[in-house]
Amino acid sequence: MPKGVLQRRRSIIPGFGLTMGITIFALSVIVLIPLSAVFVTTAGMSFDEFVAAALSKRALSAYRLSFGAAAVAAAVNAVFGLLTAWVLVRYEFTGKRVVSALVDLPFALPTAVAGIALTALYAPNGWIGRWLAPLGVDIAFTPRGVVVALIFVGLPFVVRTVEPVLADLGADVEEAAATLGASRRQTFVRVILPAIAPALVTGCALAFARAVGEYGSVIFIAGNMPFRSEIAPLLIVVQLEQFNTAGATAIAATMLVISFALLFAINLLQVWQRRLRSA
Amino acid sequence: MTRPPASASPTAEPRWLRWLLVGSALLFLGLNLALPLAAVFVEGLRKGLAAYVTAISEPDAISALRLTLTVAAIAVPLNIVIGLAASWAIAKFDFRFKSVLVTLIDLPFSVSPVVSGLIYVLLFGLQGWFGAALRDHDIQVIFAVPGLVLATIFITFPFVARELIPLMEEQGREEEEAALSLGASGLSTFWHVTLPNVRWGLLYGVLLCNARAMGEFGAVSVVSGHIRGRTNTLPLHIEILYNEYNFAAAFAVASLLAGLALVTLVLKSLLEWRFAGQLAGKVH
């Protein structure tokens, strides 16, 4: 991009052309051009072809599972993520630093490792599964397994988004509520919760967005039965393995459009959150 | 992190409730995070230490390890250069559409790993845009190392930049402007002023970038072709062992990556405790 278009204010700092050039070049070659290939390839398909691939019964049930499981996992993480953030910000207990570091484990642990580890726990003969199997509760190799994996993957997004907001929350508002006779529960529901709601929603949206596209941690525990426990990203891989590149691309385009819509919504949420925090 | 005093007050919870909340949080985290981590090591050692050592030292495992290190050794430095360039351009200058550029840099985070691999198949696969041209020149990208590197760079593209951009924006431009007006060259200003200011933030970003680069599964799985001993990275090697019902070996190899994750977490926490003021916001 020419310098004149982008630069507004004269600065004595050099290197704008070089660094912007590297950035635009890398962004185009690595990210934008390859991503555009999905849409260009999809645009080359006929409408019927696209609908047959992207909206087939099998694809629809895969979307339903991916989005449904991601939503359930986000809801579970809303509760336990908030609980974790609350405990880390408000209370002192031994081993707190270790616990706090452990919260980021899903960011650091490769997804394939998480996937086989969760399967070892929740398989019918696994560490936890063997206690649940006699009760008739199967987790691994069912849609519930997908939810378990997505809870693992999404947790840090909620905790790390809520934590700073909770820490910033002034004691004065809670003191005011208590002075005015509010019970602790009323203070939580009517004072604290509204203040952290934007962060909580943002954290859940981030977890949801990540969970929708998640692959590695899910495929080992899911069972991968078409129409039942097959997630959308796996269906893309299945189509590719059958050399149906067009079918894979149509599903990928559908997922990308939804992801970008989510990204847009998250950006709006963050603007809202920032406005509330600075107000 | 600031917190109100723990003493009994109208704005603190009763002791029993505090214990209940801490207890249920620890139970949840224990079941959800600590137990899976423990399972990796326990299952890896299930057949004994000798089998463990064999699993991580057999030729296929070694070549997978070598490939993982190679891919990271190319992808991470490239991401450092791109991340430094992007944050310099974005934080030290004003221009229109800056927020659009920042959003575009973050884009790979909202793309499914599988799609991140697929896009390179569409470009460089046999039927892809450049497929014929590459075949004519006998260059292989998909099912070969270049494809693995490209997919890894895509996946890790935002890590360094998103750590450095807010950090450099916080630090402003005065120090650079002072150095430059005292006659320092642009390069030596960057080297002696900017880089020391952001070194811990850079290290933080590199740490996360490297963990993801070495552990990426979905994207590399699509472009790798799973050629044993040739295009299998460690995560892909784990998948193959697991699908062959060679569980102990799969977990043994997985424990190497779990070890890497633990080292990453320890270093990351150390940076957060020691240099909190020199890092950008910790939220992803």
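Every chain is numbered from 1 and lettered A, B, ... according to where its sequence line falls, protein lines coming before strand lines. Bear in mind the structure is a predicted one, so any value in this text is a computation, not a measurement.
- Nearest approach of B:Leu33 to A:Val103, heavy atoms of both residues: CD1-CA, 3.8 Å.
- Ranked by heavy-atom pairs under 4.5 Å with chain A, the first of B:Ser112, B:Gly125, B:Ala258 is B:Ser112.
- When each of B:Ala254, B:Ser255, B:Ser185, B:Ala151 is checked for heavy-atom pairs under 4.5 Å with chain A, B:Ala254 comes out on top.
- Taking B:Leu107, B:Ile82, B:Val222 one by one and counting their heavy-atom pairs under 4.5 Å with chain A, the maximum is reached by B:Leu107.
- Taking CG from A:Leu263 and OG1 from B:Thr103, the interatomic distance works out to 6.5 Å, rounded to the nearest 0.5 Å.
- Between A:Ala120 and B:Phe251, the shortest heavy-atom distance links the atoms CB-CZ, 3.7 Å.
- Within the 4.5 Å cutoff, no side-chain heavy atoms of B:Thr264 are placed close to those of A:Phe107.
- Contact annotation: the side chain of B:Leu104 never approaches that of A:Val31 to less than 4.5 Å [non-hydrogen atoms, C-beta and beyond].
- Using a 4.5 Å cut-off between heavy atoms, A:Leu240 touches chain B through its side chain atoms alone.
- Of the possible donor and acceptor atoms, none in the side chain of A:Tyr91 sits under 3.5 Å from a partner among the backbone N and O of B:Leu21.
- The CD1 atom of A:Ile30 lies 5.5 Å from the CG atom of B:Leu150; values are rounded to the nearest 0.5 Å.
- For a residue to count as touching a neighbouring chain, one of its non-hydrogen atoms must lie under 4.5 Å from one of that chain's; by this rule B:Leu35 touches chain A with backbone and side chain alike.
- At least one side-chain heavy atom of A:Pro34 sits under 4.5 Å from a side-chain heavy atom of B:Tyr120.
- Heavy atoms closer than 4.5 Å to chain B are found in the side chain of A:Leu155, but not in its backbone.
- More than 12 heavy atoms of other shown residues, nucleotides or ligands fall within 6.0 angstrom of atom CZ in A:Phe39.
- Neither the backbone nor the side chain of B:Leu234 comes within contact range of chain A; no heavy atom of the residue lies under 4.5 Å from a heavy atom of that chain.
- Contact annotation for A:Leu234: neither backbone nor side-chain heavy atoms come within less than 4.5 Å of a heavy atom of chain B.
- Among the candidates B:Ala39, B:Ser181, B:Gly215, B:Ala85, the residue making the largest number of heavy-atom pairs closer than 4.5 Å to chain A is B:Ala85.
- At a 4.5 Å heavy-atom cutoff, B:Ala161 makes no contact with chain A through either its backbone or its side chain.
- You'll find the side chain of A:Leu18 stays beyond 4.5 Å of the side chain of B:Trp88, heavy atoms only.
- Here A:Ala112 is the residue among A:Ser36, A:Ala112, A:Gly126 with the most heavy-atom pairs under 4.5 Å with chain B.
- Residues A:Pro233 and B:Val115 form no side-chain contact, since every pair of their non-hydrogen atoms from C-beta on lies 4.5 Å or further apart.
- Across every non-hydrogen atom of A:Ile12 and B:Glu177, the tightest pair is CD1-O, 3.6 Å.
- Here B:Leu37 is the residue among B:Leu37, B:Ile238, B:Leu17, B:Val121 with the most heavy-atom pairs under 4.5 Å with chain A.
- With a 4.5 Å cut-off on side-chain heavy atoms, B:Glu239 and A:Ile219 count as touching.
- Ranked by heavy-atom pairs shorter than 4.5 Å toward chain B, the options A:Val98, A:Leu256, A:Leu118, A:Asn267 are led by A:Leu256.
- Annotation for A:Phe152 and B:Asn32: closest pair CD1-O, 3.2 Å, computed over non-hydrogen atoms.
- Note: A:Thr245 OG1 to B:Gln127 CD = 6.5 Å, rounded to the nearest 0.5 Å.
- Ring geometry for B:Phe217 against A:Tyr215 counts as parallel: the plane angle stays under 30°, on a 0 to 90° scale with 60° as the upper cut.
- For the pair B:Pro113 and A:Gly213, the tightest heavy-atom approach, listed with the atom from each and the gap, is CD-O, 3.3 Å.
- A pairwise comparison of heavy atoms in B:Ala89 and A:Thr19 identifies CB-OG1, 3.4 Å as the closest pair.
- Atom CZ of A:Phe260 sits in a crowded spot, with more than 12 heavy atoms from other residues, nucleotides or ligands closer than 6.0 Å.
- For the pair A:Arg97 and B:Trp273, the minimum side-chain heavy-atom distance is below 4.5 Å.
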